[in-house]
> 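Before we start, here is the structure in question, set down as structure tokens.
Just so we're clear, the structure is a prediction, and the values are computed from it rather than from any experiment. Here, residue 1 is the first one in the sequence, and each next residue gets the next number.
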Amino acid sequence: MDLLRHLRHFVVVAHELHFGRAAELLGMAQPPLSQSIQRLERELAVELFDRSRRQVRLTTAGGLLLAEAEELLAGEGRLRNLMGQVRAGELGVLRAGVPPETPAVTLRALLDQLTGRAPGLDVELHELTTAEQVRMLTERTLDVGLVHHPVEADGLRFGAPVDVPLGVLLPRTSPLARGREVPLAALAGLDLVAAPRATAPGWHDHLLAVCRRHGWRPARVRPARNPEFLFGLVLAGGGVAVEPATLARREPRIAWRPIADTSLAKRTSAVWPERAAHPAAPMVGQLAAEVLAVAEPAPTTPPSVPAERPWPVLFDTTG
């Protein structure tokens, strides 16, 4: 027996005290409505309406049931609405990964967008490298992440990517900083300062391949996990980094110059499991693309005022 359906019929009849009008409001014929009420009465073993007079009246049992039925139906509505919000990704817990170097202003913008779109969603943020995020997404211990491309993994779906042009970071006192652009071949003999390979293997291998293809074989690759350490290694001399122009604003002694002989760009996107994904994952992917596109505008050449947010991910747009 569909108790809730019969109770909905009962509540309408109880308010109208007229089977014809109630049937019209419910969009059904009167005989099936009468049968529904009779079945409810048999199920509860009581009479809900006094039909002995020309006017339909509620019995004592009917009057008591009306308040309970309205409360029950209201609860059902709240329950359906609640589950609908869960299905839409607007409620529950979302385990999200972000790269360790994510600037506070970018993170704040993304969280503000999420709060505006799904205020009931509880976001658990984890500071994770690309490699860590891919592993945890595969293990289903993470719901969505922001990763640096290229990424090779099965069973994952990627959101819209955002590409940001890259250039060379070097001391302002370097002779190479006097030019408007820097060919990669001109960096021969210098070290490359970059994130450790373990943080994003695809990015690391791709960067070295592009550098070698354009005539620069770094003497060494110096690992740097955070911008301050990267700045220190670059300013110490003997090494340069390949990063977005936004990173240069953090350190006035650092100059950013475009690469003359190739087009490099960082590519970042949201990623989530392809199967049984968290309902909010696609929404996060869309919001992340919107936030990153605003946070990482393409620089002028050369940048008169470097921007401010680093995302050390490289992608060769020339193929």
Side-chain angles (χ1 to χ4, degrees), residues 98-106 127-132 148 164-266 268 295-296 299-316:
V98 294
E101 70 276 11
T102 305
V105 64
T106 301
E127 191 179 43
L128 301 166
T129 65
T130 290
E132 291 171 333
H148 305 325
V164 176
L166 302 171
V168 180
L169 292 185
L170 64 165
R172 288 193 177 276
T173 56
S174 170
L176 293 173
R178 299 171 187 169
R180 294 177 60 86
E181 298 178 328
V182 177
L184 287 177
L187 303 175
L190 295 175
D191 296 341
L192 170 65
V193 181
R197 184 181 186 278
T199 63
W203 163 78
H204 189 275
D205 295 345
H206 176 74
L207 169 60
L208 288 179
V210 172
C211 291
R212 291 165 182 159
R213 189 161 66 241
H214 293 276
W216 176 33
R217 290 183 173 271
R220 288 185 301 171
V221 179
R222 299 186 183 183
R225 289 182 176 272
N226 63 73
E228 295 303 321
F229 190 66
L230 181 147
F231 292 148
L233 292 179
V234 170
L235 290 172
V240 298
V242 181
E243 300 285 348
T246 52
L247 189 55
R249 175 174 288 181
R250 297 190 178 189
E251 174 50 67
R253 294 171 292 175
I254 293 289
W256 183 92
R257 293 294 179 266
I259 299 171
D261 46 2
T262 188
S263 177
L264 278 173
K266 81 166 180 185
T268 305
E296 298 280 10
T300 57
T301 306
S304 55
V305 181
E308 64 183 4
R309 300 178 181 87
W311 285 82
V313 180
L314 301 176
F315 191 84
D316 187 0

> Closest approach of W256 and A245, non-hydrogen atoms and distance?
NE1-N, 3.2 Å
> Is the shortest heavy-atom distance from the side chain of V193 to the side chain of V221 under 4.5 Å?
no
> In Å and rounded to the nearest 0.5 Å, what is the SG to CG distance from C211 to L187?
8.0 Å
> Does a side-chain heavy-atom distance below 4.5 Å link L176 with L190?
yes
> Could you grab the distance from atom CD1 of I254 to atom CG of L230, nearest 0.5 Å is fine?
7.5 Å
> Decide side-chain contact (heavy atoms from CB on, under 4.5 Å) for R212 and R217; before the verdict, give the C-alpha distance in whole Å, the side-chain angles of both, and the deciding distance to 0.1 Å.
CA-CA 5 Å; R212 291 165 182 159; R217 290 183 173 271; 3.6 Å; yes
> Which heavy atom in P252 sits nearest to a heavy atom in R172, and how many Å separate them?
O-NE, 2.7 Å
> Within a strict 4.5 Å, meaning less than it, do heavy atoms of the V242 and I259 side chains meet?
yes
> Pairs in or reaching into residues 187-204: which pass salt bridge (Lys or Arg N to Asp or Glu O under 4.0 Å), with residues at least two apart or in two chains?
D191-R220, D191-R222, R197-D205
> Working to the nearest 0.5 Å, report the span between CG of L192 and CG of L208.
6.5 Å
> Kindly say whether T129 contributes a backbone atom to a donor-acceptor pair with the side chain of E132 at under 3.5 angstrom?
yes
> If you look at every heavy atom in P223 and P196, which pair is closest and at what distance?
CB-CG, 3.8 Å
> How far apart are the closest heavy atoms of P244 and K266, and which atoms are they?
CG-CD, 4.1 Å
> Determine yes or no for a side-chain-to-main-chain donor-acceptor pair under 3.5 angstrom, with R257 supplying the side chain and V168 the backbone.
no
> In this structure, which one of D261, L184, V210 forms a side-chain contact (heavy atoms from CB on, under 4.5 Å) with W216?
L184
> Pairs in or reaching into residues 223-238: which pass side-chain hydrogen bond (donor to acceptor under 3.5 Å, both in side chains), with residues at least two apart or in two chains?
none
> Counting only N and O atoms by type, is there a donor-acceptor contact under 3.5 Å from the side chain of W203 to the main-chain atoms of T130?
no
> When you compare the side chain of H204 with that of T199, does any pair of heavy atoms fall below 4.5 Å?
no
> Minimum heavy-atom separation for P171 and A177, please, with both atom names.
O-CB, 3.8 Å
> Using every non-hydrogen atom in the two residues, find where V234 and L170 come nearest and quote the distance to one decimal.
CG1-CA, 3.7 Å
> Measuring from atom CD of E251 to atom CG of L235, what distance do you get when rounded to the nearest 0.5 angstrom?
5.5 Å
